[in-house]
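Data block below; observations after.
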Amino acid sequence: MTPTPTPTPTPAPARTALPPGVTLSRATAEDVPAMAVADGRAFGFHYEDQDVADLRPVVDPERFVLARDGSAQEVAAQAGDPAAGIVGIAGSFDFAVTLPGGGPLPAAGVTWVSVAVTHRRRGILRAMLDDLHRGYAAAGTPLAVLNASEGGIYGRFGYGVATTDRAVEVDRRRAVLRPGVPDPGGVRYAGVEEAGRHAPEVHRRWCAVQPGAVSRSDDWWSYALLDRPHQRRGASARFHLLHDDGYAAYRMDQGTCRVVDFFAATEQAHLALWRVLLALDLVTTVAVDALPADDPLPWLLTDPRAVSTTGLSDALWARVLDPAAVLGARRYAVDVDAVLQVHDPDGYADGRFRLRGGPDGAECTRTDDTPDLHLDVPALGALAFGGTRLRTLVRAGRAEVAGRAELPTPAGAGAPVEGALDVALRPEREPCAGTRF
Ligand SMILES: CC(=O)SCCNC(=O)CCNC(=O)[C@H](O)C(C)(C)COP(=O)(O)OP(=O)(O)OC[C@H]1O[C@@H](n2cnc3c(N)ncnc32)[C@H](O)[C@@H]1OP(=O)(O)O
């Protein structure tokens, strides 16, 4: 990685022109049905009218950019097409995400990204993302996040894997809690109305203690709790379990209990909810798509192998647009004072930043001082959440120590740069998003 001496705060111009005849515009409410047709084609399903109506409260058209092919040939070909000439869609939800030790930080949750198969590999995705990223940067949104359909797409746009989902299957009959593990109780079943009143508030408290957590608006909860048949993927409707500090929802699927939401704001709630899930007599397997990597569940059992990991997948990808805002918003395991040189070909995050932080707070500002660490912008996205160690990124050549051999420490003695930063960036818990979008 080559050092670049001068910070470049302004975004570089778009590198890919749109194909002839294709234009970008913001969506309007009238576009939503046609967007649903285009989105359904890209992902292989049909939206019913009810599906479109259900989505309206959570899809804000103004946050979406549409690519339309207005060439004469295309307009003639598209007469009567319910997608109304839309050949590309990209948009976002208005989220907040939790950084290690920090409060919620505004983030654009990029979603609904597709380009018509008839128009692929002509630069339409690049143009749409460029449009969105410029808009976020101009609005002061420091971060964009997404779930990627394929792992090869988003690194080139500055996104790095920030959280990992661990899918597990719990062999319920083998999953015996250790003697002495308390029984906090306090779990009750509820109907959907009560769940709708309780779950959002518990989820907000869970977000406050869980790095990587993605916020949910009330409209998001309303949508999730509609629980339409297509949301169930062949399984039962949701069963709702409430605890004063927790919420879990599961579906039954031929002897398997599929946990679809699990949010515990306290350890008591975590234990109480798991006690109930593990007591479901007629269930052979309890399946969870996204158990945090450091979830204590296996340690609560006499046989930790009752919890088997069936998959590890990237979940949240993060694209830092404003390193000073992102790094200044999180907390650090130990005091740190270092200069980071971020390399961002698209310009948004490019430059040199001095980070002074510790367990109680941090500040990060642009600087001309000599850098201690060079890193690319996807690596910064990973480090912001702390789910990937700096040492791993150094081994992969995505970050490189430079300049001073040691960083100052409060005790006076210096600490090797890589080790000191590696420790400082570790989160209090492994990051976990809790919501896919
Ligand atoms: C956040 C989300 O919503 S994830 C969902 C993404 N959408 C899908 O998977 C739906 C099906 N796929 C598609 O709609 C399209 O193929 C898209 C959106 C992935 C790509 O759209 P396109 O307009 O073809 O991409 P575009 O031509 O702008 O390509 C930009 C760059 O990405 C690369 N690229 C595009 N698609 C892929 C891919 N699937 N895998 C790897 N690289 C890709 C291109 O090669 C190009 O690379 P370059 O910058 O080195 O030249």
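Counting convention: from 1, in listed order, for ligands and their atoms alike.
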Checking contacts here: is it the side chain or the backbone of [X] that comes within 4.0 Å of ligand 1, counting heavy atoms only? Could be both or neither.
X	answer
Arg122	backbone
Glu150	side chain
Trp112	backbone
Asn147	backbone

Under 4.0 Å between a Lys/Arg side-chain N and an Asp/Glu carboxylate O for [X] and [Y]?
X	Y	result
Arg134	Asp130	yes
Asp344	Arg319	yes
Arg205	Asp245	yes
Arg238	Asp261	yes

Tell me whether the centres of the aromatic rings in Phe262 and Trp274 are closer together than 6.0 Å.
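Centroid separation for Phe262 and Trp274: below 6.0 Å.
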Ring centroids only, cut at 6.0 angstrom: are Phe437 and Phe95 within range, meaning strictly under it?
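Yes.
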Contact (N/O only, under 3.5 Å) between [X] and ligand 1:
X	value
Val113	yes
Ala148	no
Ser114	no

Going through the checks in order, is the ring-ring contact (aromatic ring centres under 6.0 Å, His included) test met by Tyr250 and Phe239?
CA-CA 5 Å; Tyr250 67 88; Phe239 293 89; 5.0 Å; yes
Go through ligand 1 atom by atom and flag the ones less than 4.0 Å from a non-hydrogen atom of [X].
X	answer
Arg126	28 (O), 49 (O)
Val110	1 (C)
Ile153	19 (C), 37 (C), 38 (C), 39 (N), 40 (N)
Gly123	26 (P), 27 (O), 28 (O)
Gly152	41 (C), 42 (N)

Report the residues that fulfil ring-ring contact (aromatic ring centres under 6.0 Å, His included) with Tyr154, sequence neighbours left out, ordered by chain and then residue number.
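ring-ring contact (aromatic ring centres under 6.0 Å, His included) check on Tyr154 returns Tyr159.
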Closest to atom 47 (O) of ligand 1 among Arg121, His119, Arg156 (heavy-atom distance)
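That would be Arg156.
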Considering only heavy atoms, which of Leu125, Leu18, Asp130, Val115 lies nearest to atom 14 (O) of ligand 1?
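Going through Leu125, Leu18, Asp130, Val115 one by one, Val115 has the nearest heavy atom to atom 14 (O) of ligand 1.
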Among all residues two or more places apart in sequence or in another chain, which pass the side-chain hydrogen bond (donor to acceptor under 3.5 Å, both in side chains) test with Thr435?
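Result, side-chain hydrogen bond (donor to acceptor under 3.5 Å, both in side chains) vs Thr435: Arg216.
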